[in-house]
Amino acid sequence: MHTEKYDVAIIGTGIGGLVCGCYLAKAGLKTIIIEKNKTVGGYCSSFTRGKYSFDACVHAFSSYREQGVLYRTIKDLGINQIKIGRKNPSDIIVTPDFKIKIYNDLPKAIKEFQSIFPKEKKSIEDFFTYIVKSSLEAFIKSRRMTFRQILDKHFTDSRLKTILSLILLGLVGTDAHELSSVVGCLIYKEFIFDGGYYPQNCIQDFPDSLLEKYKEFHGEIITAKTAKKMTVNDHAVEKVILNDHQEVSAKYFVSACDAKYTLETLIGENALTEIQKIKIKKLKPSLSAFLVYLGLEDSFAIGDDYRSNIWVIQNYDYDGAMQEIANMNNDFLAITSPYAKSEMKKSIGKTLCLSTITLYKDPAYWRDDHKAQLADKLVARAEKIIPGLSKSIKKRVIASPHTLYKWTFNYQGAAYGWASTVSQFCDPDISQKTSIPNLYLSGHWANLSSGVTSVINCGFNVANLILQKEKK
Ligand SMILES: Cc1cc2nc3c(=O)[nH]c(=O)nc-3n(C[C@H](O)[C@H](O)[C@H](O)COP(=O)(O)OP(=O)(O)OC[C@H]3O[C@@H](n4cnc5c(N)ncnc54)[C@H](O)[C@@H]3O)c2cc1C
């Protein structure tokens, strides 16, 4: 029983919770993190089945250039345990007619696109240079525009616009017709033009190294217990009550998990402002994901291309591709291989992961036959570019949107927190600060975009808000 009072209690060990905890503990605040799973990392984690090691969701990191957020955080926290390499090309786009490789070298990446779309030569150069060289302030000038409007302003070739929109759908789970142009440009800048980073072993290396550092800073953690309720008195959270009735008291609380669950269930509607009650019901989550993890025969040849993230785009008609997603008949998928990326190949089996963006539907929809149907479709689709794939499958594990929900409690299995639409992104009513002065939100539900880089930023910002209050 934790009867002592902490300075800060954090719920959730996604990267948004772990980074926040590290900065607070480093500054000397008595910090405790509560995690419902046995392992840390949330979506940024790995698991094994027999000799096969799979990355649950996150398949690559971004922003590890010298001024990048990930690089700065690892240096700031003094994390020496992790070795991060970069794959080149980071991403490969495969369509029925061509293959585009995104190299870690802007002029080369531009040339690659120009060779496929010669009529868009100048627009490609202008657009990619604008994305890479512009600051956040420059992107914010177009904040009322959707990403699709930005693409329409630059390009005429609808195939190019579909490709650029679908990749973003895969990276943020929001339709380009609604997606904030600020988020779209930032994601391209960070994930595509500074992406493709991978740790030595597997994705789990990163949350594990954050946890190790957090403990070195004397941070405490409770795992395998769920936060069920927060008590609010006199407009302040007093304690969090866990599933075994254990109570944790603190001066500040950080919810690094789903904001809807936090505000509606942990806190309860009585403690919310009228505007928050309305907003939390109206805000739209991002789309979810469906993943098929494949363990393959030892003799199966996984080529060098699979060190990159492969985006398979079948349909050049963007609205048609979105309609297929609405009909649960996806043709768009990503192929990644933890095996091909890992440097520890000798000790693990050969693996591939096929993933696609999908609707949540409801738990009843994801019966075994519906899961098998979509999984079979993705395997058949992947087999067109990887001949002999289906015959080499020794193990198949499926994660549906409902599985993602069960892993993390993310509302509707949302892959990327709130949808990053023009109207929702940076909404001040649901943000890092809540209407309760000692309660903060960290992670991809704080409305400041998603992905590991964004949630690192968010965790760092929330830690700073608390440290400022503590005059540290
Ligand atoms: C399929 C997929 C692929 C992705 N690929 C990438 C990628 O390649 N690169 C990238 O940067 N991003 C990627 N993302 C996005 C990225 O994973 C997320 O945006 C980011 O990891 C979210 O981190 P978070 O800290 O907000 O929380 P989450 O990862 O959602 O973690 C929340 C944590 O809180 C815990 N928790 C929740 N409720 C409670 C409770 N009541 N009590 C105790 N614990 C609780 C959960 O168990 C979980 O550990 C991907 C996402 C998906 C779904």
Side-chain angles (χ1 to χ4, degrees), residues 10-21 33-48 53-63 69-70 73 169-174 187 190-191 195 197-199 202-211 223 226 254-262 285-293 309 334 336 338 341 353-358 360 397-420 441-459:
I10 299 174
I11 301 166
T13 61
I15 300 302
L18 283 172
V19 167
C20 186
I33 310 186
I34 297 141
E35 167 57 52
K36 75 176 182 61
N37 294 335
K38 285 188 188 137
T39 51
V40 297
Y43 280 157
C44 186
S45 56
S46 309
F47 64 92
T48 52
S53 166
F54 300 105
D55 296 325
C57 293
V58 171
H59 49 267
F61 297 131
S62 66
S63 320
V69 166
L70 178 61
T73 305
L169 182 75
L171 290 170
V172 282
T174 301
I187 296 283
E190 300 298 331
F191 280 81
Y197 296 100
Y198 196 81
C202 61
I203 285 293
Q204 188 72 44
D205 291 2
F206 185 46
D208 282 354
S209 62
L210 284 170
L211 178 64
T223 53
T226 304
V254 178
S255 164
C257 59
D258 177 16
K260 194 170 167 72
Y261 176 82
T262 304
S286 57
L287 289 166
S288 187
F290 181 89
L291 302 105
V292 187
Y293 309 93
N309 308 313
T336 53
K341 290 177 176 183
C353 174
L354 316 179
S355 62
T356 189
I357 287 295
T358 186
Y360 175 66
V397 180
I398 296 175
S400 75
H402 189 55
T403 318
L404 297 193
Y405 167 74
K406 286 190 289 183
W407 276 347
T408 58
F409 282 178
N410 277 313
Y411 175 54
Q412 297 199 344
Y416 300 97
W418 298 120
S420 293
L441 302 179
S442 178
H444 63 183
W445 294 98
N447 247 329
L448 295 170
S449 187
S450 54
V452 170
T453 298
S454 310
V455 303
I456 288 177
N457 245 332
C458 191

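Hydrogens, waters and symmetry mates play no part in the numbers below; they use all other heavy atoms, side chains included. The structure displayed is predicted, hence computed values, not measured ones. Quick note: residue numbers are just sequence positions, from 1.
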Over 60° means perpendicular and under 30° means parallel, so classify the ring planes of [Y] and [X], tilted if in between.
| X | Y | answer |
| --- | --- | --- |
| F47 | F54 | tilted |
| F409 | Y261 | tilted |
| Y360 | H402 | tilted |

Check step by step if side-chain contact (heavy atoms from CB on, under 4.5 Å) holds for L404 and L291. CA-CA 10 Å; L404 297 193; L291 302 105; 4.0 Å; yes

Taking the side chain as everything from C-beta on, heavy atoms only, tell me whether [X] gets closer than 4.5 Å to [Y].
| X | Y | answer |
| --- | --- | --- |
| V452 | E190 | no |
| T13 | T223 | no |
| Y43 | I15 | no |
| Y198 | P338 | yes |
| T358 | L287 | no |
| C257 | T262 | yes |
| D55 | T336 | no |
| P207 | C44 | yes |

So does [Y] get a backbone contact from the side chain of [X], meaning a donor-acceptor N/O pair under 3.5 Å?
| X | Y | result |
| --- | --- | --- |
| S442 | G16 | yes |
| S46 | Q204 | yes |
| K341 | P199 | no |

Applying side-chain contact (heavy atoms from CB on, under 4.5 Å), run through Y416 and I357 and close with a yes or a no. CA-CA 11 Å; Y416 300 97; I357 287 295; 4.2 Å; yes

Nearest 0.5 angstrom please: I11 CD1 to I33 CD1, how far?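 So the CD1 of I11 and the CD1 of I33 are separated by 11.0 Å.
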
If you measure from OG on S450 to CH2 on W418, what distance do you get to the nearest 0.5 Å? 13.5 Å

Ignoring hydrogens and geometry beyond distance, is a side-chain donor-acceptor pair present between T453 and S62 at under 3.5 Å?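 Per modelled atom types, T453 and S62 side chains form a pair under 3.5 Å.
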
Carefully, step by step, assess V40 and L18 under the rule side-chain contact (heavy atoms from CB on, under 4.5 Å). CA-CA 8 Å; V40 297; L18 283 172; 4.3 Å; yes

Please walk me through it: do W407 and S45 pass side-chain contact (heavy atoms from CB on, under 4.5 Å)? CA-CA 11 Å; W407 276 347; S45 56; over 6 Å; no

